[in-house]
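Please read these numbers as outputs of a predicted model, since none were measured by experiment.
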Amino acid sequence: MKNSKIIRWILFIVPIPVILISLFIGPASDLHFWETLKSFWNETPQPELLLTRSVILDIRLPRILLVFLSGGVLAVTGAALQAMFRNPLVDPYVLGLSSGAAFGAALGLWTAVIPIQISAFAFGLLAVGLSYFMARKHGEVSIISLILSGIITNGIFTALLTIVQILSDPFKLQSIVHWMMGNFQHAGWSALLSALPAACIGLTILFLLRWKLNVLAMGDEEASSSGSEPQQLKWWVLVAATLASSAVVAVSGIIGLYGLMIPHVVRMIFGVDNKSTLIINLLLGGSFLVIIDDISRTLAGFEIPIGVFTMLIGAPFFIWLLKKTNIGWEN
């Protein structure tokens, strides 16, 4: 347990060097740290340093902050949904939330009438509600039925998303296809600022309810006996998780299975107490996705969608979880 405390303190510090180092990783690899610092201190820097400052402030910094926000949101919402459903195989992607929000965002992008964030939130909430409704039987939700319901929901909204692609003009179609694979190529300050309010509201609600997530994880009967209203609490968690997740999906696209991996890693190291682990999910989820994004930007001569990497990492992890026999909530 002493080691977990040390790791906990390290995680509070890790985002700072990860973000700073990531500012100097990318196609323009000739950026130098000290020369860049000089460009901020000098009122009239040299033209090449002025260009460097523009690359850092206008291109890389907003992208890195958006990636960090997206990773943190997916990890926190994944942990919250897993506690609510008492199922470590749940995440926004498995429940169909990501595909629902993706369809909503694509619909808003295609019609240019419905605001993208509102459309993504509405269809994300609809997707999770549909999965939960299909899986619920005699007041209970089993692991198998929830996974199957998520697969069906994903299929429905993927089909609807395909229809939007068919009906879109070539310019919008290209944007939708790139965005579906999880892509931060066009990230900027406007995208970050559009996702930030809804993501912060959703995260704030989840952090305020973090101790009640432990009550939900014990089951409805235990939650009721402790004085809580489990159904009302579940809807608060569901709405908050959908609000935060749909906000980042609307600007980043579908980043599959990421919200499944990180919460489980956090539980294995720090236990299942959501009062203390929710903030760790935010820090670890954000930092790790920034590292994955660095790899996606530099591995090849072109940018590989980040969703490709999260699926390649998350799929084996998901299979391992399915094969693991004693999955539970005990320490």
* Asked: Got a sec: does the CD of Gln185 have more than 12 other heavy atoms crowding it under 6.0 Å?
  -> yes
* Asked: Are any side-chain N or O atoms of Trp189 and backbone N or O atoms of Leu57, one a donor and one an acceptor, separated by less than 3.5 Å?
  -> yes
Could you list the donor-acceptor pairs under 3.5 angstrom formed between side-chain atoms of residues 202-213 and any protein atom two or more places apart in sequence or on another chain?
| from | atom 1 | to | atom 2 | distance (Å) |
| --- | --- | --- | --- | --- |
| Thr204 | OG1 | Cys200 | O | 2.6 |
| Arg210 | NE | Lys275 | O | 3.2 |
| Arg210 | NH1 | Phe207 | O | 2.5 |

* To do: Check step by step if side-chain contact (heavy atoms from CB on, under 4.5 Å) holds for Asp91 and Met261.
  => CA-CA 9 Å; Asp91 86 325; Met261 292 186 296; over 6 Å; no
* To do: Provide the closest heavy-atom pair for Met311 versus Pro316 in the form atom of the first, atom of the second, distance.
  => O-CD, 4.2 Å
* Asked: Are Leu284 and Ile6 joined in one hydrophobic group, where the rule is that I, L, V, M, F, W and Y side chains link up if heavy atoms are under 4.5 Å apart?
  -> yes
* To do: Quick one: pull up CZ in Arg8 and OG1 in Thr277 and give me the separation to the nearest 0.5 Å.
  => 8.0 Å
* To do: For residues Ala198 and Leu243, report the shortest heavy-atom separation together with the two atoms involved.
  => O-CG, 3.6 Å
* Gap between atom OG of Ser287 and atom CG of Leu11 - 0.5 Å precision -> 7.5 Å
* Structure fact -> Scanning both residues in full, the closest heavy-atom pair of Arg60 with Leu23 reads NH1-O, 2.8 Å
* Asked: Do the side chains of Thr310 and Leu74 get nearer than 4.5 Å, heavy atoms only?
  -> no
* Output yes when a side-chain donor or acceptor of Ser119 lies under 3.5 Å from a complementary backbone atom of Ile116, and no otherwise. => no
* Would you say Val265 and Tyr258 are hydrophobically clustered, going by side-chain heavy atoms of ILVMFWY under 4.5 Å? -> yes
* State which residues pass side chain to side chain donor-acceptor pair (under 3.5 Å) with Ser22; sequence neighbours excluded, sorted by chain then number. => Asp294
* To do: Return the set of residues passing salt bridge (Lys or Arg N to Asp or Glu O under 4.0 Å) with Lys234 (not counting sequence neighbours), or none when no residue passes.
  => Asp220
* Structure fact -> side chain to side chain donor-acceptor pair (under 3.5 Å) filter on Ser245, not counting sequence neighbours, yields Thr77
* Verify, without hydrogens or angle tests, whether Gln117 (side chain) and Ala250 (backbone) share a donor-acceptor contact under 3.5 angstrom. => no
* Output the distance between atom CZ (Arg267) and atom CG (Asn274), rounded to the nearest 0.5 Å. => 8.5 Å
* Does CD in Gln231 sit with more than 12 non-hydrogen atoms of other residues, nucleotides or ligands closer than 6.0 Å? -> yes
* Structure fact -> Between Thr298 and Ile25, the two heavy atoms sitting closest are CG2-CG2, 3.4 Å
* Asked: Same cluster or not: are Ile7 and Met268 linked, directly or through other Ile, Leu, Val, Met, Phe, Trp or Tyr residues, by side-chain heavy atoms under 4.5 angstrom apart?
  -> yes
Side-chain donor-acceptor pairs of residues 92-104 under 3.5 Å, sequence neighbours excluded:
| from | atom 1 | to | atom 2 | distance (Å) |
| --- | --- | --- | --- | --- |
| Ser99 | OG | Gly96 | O | 3.0 |
| Ser99 | OG | Asn154 | OD1 | 2.7 |

* Can you tell me how far the CG atom of Leu299 sits from the CD1 atom of Ile304, to the nearest 0.5 Å? -> 4.5 Å
* Asked: Is it the case that one hydrophobic cluster holds both Phe24 and Val14, taking links as side-chain heavy atoms less than 4.5 Å apart, direct or via other members?
  -> yes
* To do: Please name the pair of heavy atoms, one in Leu278 and one in Ala79, separated by the smallest distance, quoted to 0.1 Å.
  => CD1-CB, 4.1 Å
* Close side-chain approach of Pro230 and Leu216, heavy atoms under 4.5 Å -> yes
Solution key, residues 62-69 side-chain donor-acceptor pairs under 3.5 Å, sequence neighbours excluded:
| from | atom 1 | to | atom 2 | distance (Å) |
| --- | --- | --- | --- | --- |
| Arg63 | NE | Asp293 | OD2 | 3.1 |
| Arg63 | NH1 | Phe184 | O | 3.2 |
| Arg63 | NH1 | Glu303 | OE1 | 3.2 |
| Arg63 | NH1 | Glu303 | OE2 | 3.2 |
| Arg63 | NH2 | Asp293 | OD1 | 2.7 |
| Arg63 | NH2 | Glu303 | OE2 | 2.7 |

* To do: Look at the side-chain heavy atoms of Ile, Leu, Val, Met, Phe, Trp and Tyr, link any pair under 4.5 Å apart, and say whether Val215 and Trp236 land in one connected group.
  => no
* Minimum side-chain heavy-atom gap Phe123-Leu160 below 4.5 Å -> no
* Asked: In Å, rounded to the nearest 0.5 Å, how long is the span from CE of Met181 to CD1 of Ile254?
  -> 11.0 Å
* How many angstroms lie between CG in Leu260 and CG in Leu89, if you round to the nearest 0.5 Å? -> 6.5 Å
* Measure up the Tyr132 and Phe85 rings against each other and bin them: parallel (under 30°), tilted (30 to 60°), perpendicular (over 60°). => tilted
* **Side chain to side chain, Ile156 and Thr153, heavy atoms closer than 4.5 Å** => no
* Structure fact -> Of all heavy-atom pairs linking Pro88 and His264, the shortest is CB-ND1, 4.1 Å
* After noting the C-alpha distance and the side-chain angles of Phe317 and Ile313, does the key distance pass the side-chain contact (heavy atoms from CB on, under 4.5 Å) rule? -> CA-CA 7 Å; Phe317 196 89; Ile313 299 171; 5.7 Å; no
